[in-house]
Amino acid sequence: MKIRYFAWLRERLNRGEEEVTPPAEVITVGDLIQWLRDRDEAADLAMQKPSLIKAALDTEIVPHSTPIGNAKVIALFPPMPGG
Amino acid sequence: MSVRLQQAPFDPGAETNAFLAASAGAGAAVTFTGLVRSRPDDPVSTLTLESYPELAEAQIGKAIAEAVVRFGLIKASVIHRHGRLAVGEPIVQVMTLAPHRQAAFDGASFLMDYLKTDAPFWKKEATPEGERWVEAKTEDDDARAKWNK
């Protein structure tokens with residue numbers, strides 16, 4: 001699956017997107033965030049406050065408890081200050 | 001119903017006129033234009049809006065559909081820019097058309113409150129001290145929450 005990052009999260013990770021293949025035990029968005037943190041120090045630091053990370057599965061904004069399912073693109077980003 | 005995301009500037013007057021020209025028979029239209037702000041005590045030279053266009057189009061489209069049903073709008077349009085903007089330039093324009101003024105006002109207000117909290121745009125301000133990301137404000141969440149009643 002593809003993960004896309006936006007705003008300061010993108011800057012802190014120094015990448016806008018990446019392809020990942022998480023293990024089967026990664027079920028929810030929250031699991032994915034934890035898995036990303038465990039494998040990468042920059043990600044661990046950038047996402048140490050999970051409440052500051054929002055998520056979208058394809059074109060749906062979802063809470064961290066949502067199962068990833070068959071989403072093709074998962075976006076992670078800070079809360080939006082809007083237009 | 002339309003959602004338009006673009007980097008290029010838009011002309012709020014021309015957009016309003018085009019919206020009104022296709023509005024035969026309706027009683028009320030409301031247009032709101034959001035501008036890049038700079039305060040004397042906290043000057044901003046440019047604003048860069050980062051966007052996730054696929055998500056923005058889907059989210060704003062859903063909000064328009066909800067507003068149309070909820071307030072009985074005849075139609076609604078949102079134009080939103082991204083990329084680098086100068087102070088005073090329009091960022092966003094919301095236009096609603098309804099049989100009566102209250103529905104047009106409420107629909108526009110609902111759409112703006114929605115855009116402030118749920119549309120995937122992130123703002124980076126360039127200031128004399130350097131660049132900074134604008135944080136989401138809790139009063140915007142409060143404004144959005146009032147529509148959940």
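The sequence lines fix the lettering, A, B, ..., with proteins before strands; numbering per chain opens at 1.
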So with a 6.0 Å cut-off around [atom1] of [X], is the heavy-atom count from everything else above 12?
X: A:Arg39; atom1: CZ; answer: yes
X: B:Arg101; atom1: CZ; answer: no
X: B:Phe10; atom1: CZ; answer: yes
X: B:Asn17; atom1: CG; answer: yes
X: B:Arg37; atom1: CZ; answer: no

Under 4.5 Å between side-chain heavy atoms, counting indirect links through other Ile/Leu/Val/Met/Phe/Trp/Tyr residues: same cluster for B:Leu97 and B:Val68 or not? no
Consider only side-chain heavy atoms of I, L, V, M, F, W and Y, link residues closer than 4.5 Å, and tell whether A:Ile27 and A:Ile68 are in one cluster. no
[X] portion near chain A, given a 4.5 angstrom heavy-atom threshold:
X: B:Gln59; result: side chain
X: B:Glu135; result: backbone
X: B:Thr48; result: neither

Any idea which heavy atoms bring A:Tyr5 and B:Glu50 closest together, and the distance? O-OE2, 4.5 Å
List the atom of B:Trp122, the atom of A:Met80, and the distance in Å for their closest heavy-atom pair. NE1-CG, 3.7 Å
Check whether A:Glu11 gets within reach of chain B through its side chain, its backbone, both or neither, counting any heavy atom under 4.5 Å. side chain
Checking A:Ala56 against chain B: side chain, backbone, both or neither under 4.5 Å from a heavy atom? side chain
For the atom pair OH (B:Tyr52) and CZ (A:Phe6), what is the distance rounded to the nearest 0.5 Å? 5.5 Å
For a side chain to side chain contact (heavy atoms under 4.5 Å, CB included) check, start with the C-alpha distance between B:Leu55 and A:Phe77, then their side-chain angles and the critical distance, and finish with the verdict. CA-CA 12 Å; B:Leu55 184 61; A:Phe77 45 82; 4.0 Å; yes
